[in-house]
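For reference, the structure is listed below as structure tokens.
Protein chains get the first letters and strands the later ones, always in sequence-line order, with residue 1 at the start of each.
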2 protein chains.
Amino acid sequence: MQPFDPSATPGVPLYKEVKRRILATLSVGEWKPGGLIPSEKELCKLFAVSIGTLRKAIDELVIENILVRHQGRGTFVVSHNRNHHFFHFFNITRHDGQKSYPTVELVRFSKVKADALACEKLGVAAGSKVFVLINRLSLDGNKPVIDVITLPEHLFPGLTEQQLRQRTNTLYNFYQENYQLNVIRTEEHIRATLAGGELAEWLAVTAGTPLLQIGRSAYSYDNQPVEWRITYVNTEQYEYAAKPAQ
Amino acid sequence: MQPFDPSATPGVPLYKEVKRRILATLSVGEWKPGGLIPSEKELCKLFAVSIGTLRKAIDELVIENILVRHQGRGTFVVSHNRNHHFFHFFNITRHDGQKSYPTVELVRFSKVKADALACEKLGVAAGSKVFVLINRLSLDGNKPVIDVITLPEHLFPGLTEQQLRQRTNTLYNFYQENYQLNVIRTEEHIRATLAGGELAEWLAVTAGTPLLQIGRSAYSYDNQPVEWRITYVNTEQYEYAAKPAQ
DNA sequence: TTACATTTGTTCGTATGTATA
DNA sequence: TTATACATACGAACAAATGTA
């Protein structure tokens, strides 16, 4: 005989329900990125489950890079920092596989009506306003990457060019600190294209140079779309390192 | 007091040791792809560990796509089939995300001395012989993909063009069935390039068309390199779908 | 259709080890 | 040194899926 539990749903394992409740708590900002969540013992009491069930829920959130455990210290909400987690979303390396931190230069900032593609990718109504940022990234003195980033205005109210220029950490850290938007997952689709026009200028290549064109959707908790970007990469000296098929 | 265990190594958790022993058993071919491994109860006896420890070892192998569990049936060694597991290593989709199975046409088959890059990627001595296969893939009547595949001769003794033409399943299934080489992991690095020469002919595009150039190393158990390939993709109608950052 | 044995999945809990502050 | 927190290892009981008699 099961103990009475009003939240129990037939067919849904208890640990999945615990996981959902942890995600919901993260989603409303009760536990903040970089912060400590209650200990396993406390969470067992809170959710009225055994330690094994709780650990199974947290295990999945750790695998999904949403929580991180530190033996002896506690369990933390994953945060976007320069040191931790950055290369999880930055897949550009030198041909020899060497990674390095890019420096970023804001080339353009504007607020416009979203085009059809942006509306679809961001899940906003036709005619909605969006911010468009164009960033140029430098690596080892080269400038091989241009990011064209689209952000829905309703999630970034009052965003200004100055704020973006003054940020000292990563862009995803900026979203997190200033707009409580925590990017936890991306989807990427890669095509080849040719440089031309302003893109060729910004990358300092001749028109007709082959480039990678990487479309990325970035999501927060609850699969909320936060950002849509297209990244262009000159692969003369750099390349895209795909994650091992898993 | 711990029970005496001659295989125990200080600092290495028991479940990691169990995992290593399962991998070693797979590596020598004692449990075959597609086949059933002993039940959890039997494995507990075999390794003299508790059910929890055994499950933790198997959990990791399931996450790594090496084993697969079926409730009520048992635990199986993952196998390369047309139906199961194929899209795990095939990341080309239509622009709308639609997946379909390619048909394959062998364009060229030869045995040559490995060049420096192939030697490095396959971990073979300079001057070693390798087979080079060129495949053209069709999707929905289009021919957007060329694979240039390099295989070390010592792992594929006696490989013939006829064998390759007669295969009815995937290439990785062919390696598995005929050479007991089970590809379980790949690494991929993506660049942009321009079509030209034979490549442009095979893909039926004009010279100067931008293409994806995807370098892939494929590994078996024990990180043994099995295959090195370069895939060229015409992304006019297709694209590379990266796995979600995980 | 039914009954049963087998196998994995879920949930519970305890004891001990290891890392941290 | 001590308390706290996660990591590892143990195992019991029951649920759910599967295949077979």
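- For A:Tyr101, the ring pair (Phe, Tyr, Trp, His ring centres under 6.0 Å) partners two or more places apart in sequence, or in a different chain, are A:Phe86, A:Phe87.
- For B:Thr75, the listed nucleotide lying nearest its side chain is C:dT8; candidates were C:dT8, D:dA9, C:dT10.
- For the side chain to side chain donor-acceptor pair (under 3.5 Å) test, no residue two or more places apart in sequence or in another chain qualifies with B:His85.
- For the segment residues 32-41 of chain B, no residue has any heavy atom less than 4.0 angstrom from an atom of DNA chain D.
- Among residues two or more places apart in sequence or in another chain, the side chain to side chain donor-acceptor pair (under 3.5 Å) test is passed with A:Ser27 by A:Asp222.
- Neither OP1 nor OP2 of D:dA9 sits under 4.0 Å from any side-chain N or O of B:Lys56.
- If you measure from atom CD of B:Glu42 to atom P of C:dT8, you get 9 Å, rounded to the nearest angstrom.
- Phosphate contact (OP1/OP2 of C:dT8, side-chain N/O of B:Arg55, threshold under 4.0 Å): absent.
- With sequence neighbours left out, the ring pair (Phe, Tyr, Trp, His ring centres under 6.0 Å) criterion links B:Phe156 to B:Tyr175, B:Tyr179.
- Between the P atom of C:dT6 and the CG atom of B:Leu43 lies a distance of 17 Å, rounded to the nearest Å.
- Rounded to a whole Å, the CD1 atom of A:Ile58 is 11 Å from the C1' atom of D:dA5.
- Per the geometry, CG belonging to B:Leu54 stands 13 Å off P belonging to C:dT7, to the nearest Å.
- At distances below 3.5 Å, not a single donor-acceptor pair connects side-chain atoms of B:Tyr240 with backbone N or O atoms of B:Val233.
- To the nearest angstrom, C1' of C:dT16 lies 14 Å from CG of B:Leu14.
- In this entry the distance linking CZ of B:Phe76 with P of C:dT7 reads 11 Å, nearest Å.
- Rounding to whole angstrom units, CD1 of residue B:Ile51 and P of D:dC14 are separated by 17 Å.
- For the pair B:Arg69 and A:Gly52, both in contact range of DNA chain C, the more 5′-proximal nearest nucleotide belongs to B:Arg69.
- With rounding to whole Å, B:Lys45 atom NZ is found 14 Å from C:dT6 atom C1'.
- For A:Tyr15, the side-chain atoms get nearest to C:dT10 when compared with the rest of C:dT10, D:dT8, C:dG13.
- In this structure A:Glu120 satisfies the salt bridge (Lys or Arg N to Asp or Glu O under 4.0 Å) test with no other residue, sequence neighbours excluded.
- Ring pair B:Phe89/B:His80 is tilted by interplanar angle, where 30° to 60° counts as tilted.
- In this structure A:Phe76 satisfies the ring pair (Phe, Tyr, Trp, His ring centres under 6.0 Å) test together with A:His70, sequence neighbours excluded.
- With sequence neighbours left out, the side chain to side chain contact (heavy atoms under 4.5 Å, CB included) criterion links A:Arg165 to A:Leu106, A:Glu161.
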Readout for nucleotides 16-21 of chain D: B = base within 4.0 Å of protein heavy atom, S = sugar-phosphate only, - = neither; 5' to 3' it is BBBS--

